Amino acid sequence: MTKTPYYLYSMGLLRETIEAARNAASVDDRFRVHYAMKANTEKKILEAMRDAGFGVDTVSGGEIKLALDCGFDASKIVFAGVGKSDEEIDLGILAGIGCFNAESTEEIEVISQRAALLGKRARVALRVNPEIDAHTHHYITTGLAENKFGIPMVSLERAIEMVQSDDHLELHGLHFHIGSQITTMKPYEILCERINALQEEYAQRGVTFPTINVGGGLGVDYDNPSANPIPDFREYFNTFSRGLQTVEGQEIHFELGRSLVAQCGSLITKVLYVKKGLDKKFVIVDAGFTDLIRPALYGAHHLIENLTSQSDESERYDVVGPVCESSDVFAEDVILPLTQRGDLLALRTAGAYGAVMAMQYNCRQLPGTVFE
Ligand code: LLP
């Protein structure tokens, strides 16, 4: 038996999900999909994205290197993030990546200096804060006016002028990302309206953008993963196809992370003890927040299934990990079939922001990986 805890990935579901996204995106020939690799960097998963023809959205030099190693075309790599170091910028420029998504005027200056030093030109898209509330967890909402991401609308004009007047920079487009785990289309409809208005305003001044990047954020069903294994990509892409007005030759870029990989992964963990508390029963498992931090960090819900219990009876439990912190709790008061030491549990919908956020606190080993 494979040593627990480990991430179990269904390559079949991954391929179906990618195919569904690809088909849905093909409704509009302006569309290009980049996989937001921060969600999961398993090589097999990256290769499946590459084979589907997707580009890749990166947020560090490490991700750029991994994407290049996996055979992504440099021109299909975009590089985002508020804190790009000089070394990371140089790496991107020398590799000839498709675009830097710049998040401040201060960063634009540095990209220009680095490009000048290297005798190259860098393509830059400006990340704009469209001031839309995505109504998601405050740790993963990013489009409001004052946060560390993006350039506020009021500073956009100056940022555009900086890029346009710089010999070492090329204005590649505008970039937006309003948040993650967005489950209704309304925020995206508003985003389309904001982008249309912005484009119109700039068109009047003779400024057009080769690309419009609308970011990622499409949510998945954490409550019923088996009933809804594949997100409604059709509704998502149709919303932009209907909603976004573009000019001749303009491309629309998407950066999907969670929606492509969340459902294909589960964290498999073994029950070490079933401990009777005063009122509660605790199922203590061998995975902790070091393996899957989403419940502890965001209060996120991951459906828990007992894979091995044969019991017809059920019981109410708190499912907790072994880490020496009281936040190391996967779920409180969940009903599971009668559970005992040695049972295997699956924490579902863990393919996105699971393994990539694992850590070694308490000198714990990183979780293993199994593909099926
Ligand atoms: N583009 C940008 C600029 C982003 O910041 C993100 C995610 C994405 C695309 C991909 O978003 P997605 O399609 O995956 O929603 N660790 C958190 C999620 C953090 C998301 C960060 N940015 C979680 O576990 O919920």
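Values below: every heavy atom of this structure, side chains too, minus hydrogens, waters and symmetry copies. Numbers for residues simply follow the sequence, beginning at 1. Since the structure is predicted, the reported quantities are computational estimates derived from the model, not experimental observations. Read the numbers this way: they start at 1 and go in the same order the structure lists the ligands and their atoms.
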If you measure from SG on Cys264 to CD on Glu372, what distance do you get to the nearest 0.5 Å?
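The distance works out to 10.0 Å.
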
Interfacing atoms of ligand 1 (cut-off 4.0 Å, heavy-atom, [X]):
{"X": "Asp57", "answer": "1 (N), 9 (C)"}
{"X": "Gly257", "answer": "12 (P), 13 (O), 14 (O)"}
{"X": "Gly216", "answer": "9 (C), 13 (O)"}

I'd like to know if [X] pairs up with [Y] as an ion pair, taking the criterion as any Lys NZ or Arg NE/NH1/NH2 lying under 4.0 Å from an Asp or Glu carboxylate oxygen.
{"X": "Asp232", "Y": "Arg234", "result": "no"}
{"X": "Glu157", "Y": "Arg205", "result": "yes"}
{"X": "Glu251", "Y": "Arg30", "result": "no"}
{"X": "Asp69", "Y": "Lys43", "result": "no"}

Is it the side chain (CB and beyond), the backbone, both or neither of [X] that lies under 4.0 Å from ligand 1, heavy atoms counted?
{"X": "Ser180", "answer": "both"}
{"X": "Arg258", "answer": "both"}
{"X": "Tyr298", "answer": "side chain"}
{"X": "Arg294", "answer": "side chain"}
{"X": "Val59", "answer": "neither"}

Shortest heavy-atom approach to atom 4 (C) of ligand 1 - which of Lys38, Met357, Met37, Glu255:
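Result: the heavy atom closest to atom 4 (C) of ligand 1 is in Lys38.
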
For residues 338-347, which residue pairs pass the side chain to side chain donor-acceptor pair (under 3.5 Å) check, not counting sequence neighbours?
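Matches after skipping sequence neighbours: Asn306-Thr339, Asn306-Asp343, Thr308-Asp343.
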
Ligand 1 and [X], any nitrogen or oxygen pair closer than 3.5 angstrom?
{"X": "Arg127", "result": "no"}
{"X": "Leu256", "result": "no"}
{"X": "Ser259", "result": "no"}
{"X": "Tyr353", "result": "yes"}

Apply ring-ring contact (aromatic ring centres under 6.0 Å, His included) to Phe254 and Tyr236, showing your working.
CA-CA 11 Å; Phe254 297 86; Tyr236 172 75; 5.7 Å; yes

With a 6.0 Å cut-off on ring centres, are Tyr35 and Phe54 close enough?
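No, they do not, as the ring centres are separated by 6.0 Å or more.
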
Determine whether any heavy atom of Gly217 lies closer than 4.0 Å to an atom of ligand 1.
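Contact check Gly217 vs ligand 1: positive.
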
Not counting sequence neighbours, which residues clear side-chain contact (heavy atoms from CB on, under 4.5 Å) with Pro225? List them please.
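With neighbours one apart ignored, the set is Gln263, Leu303, Arg348, Thr349.
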
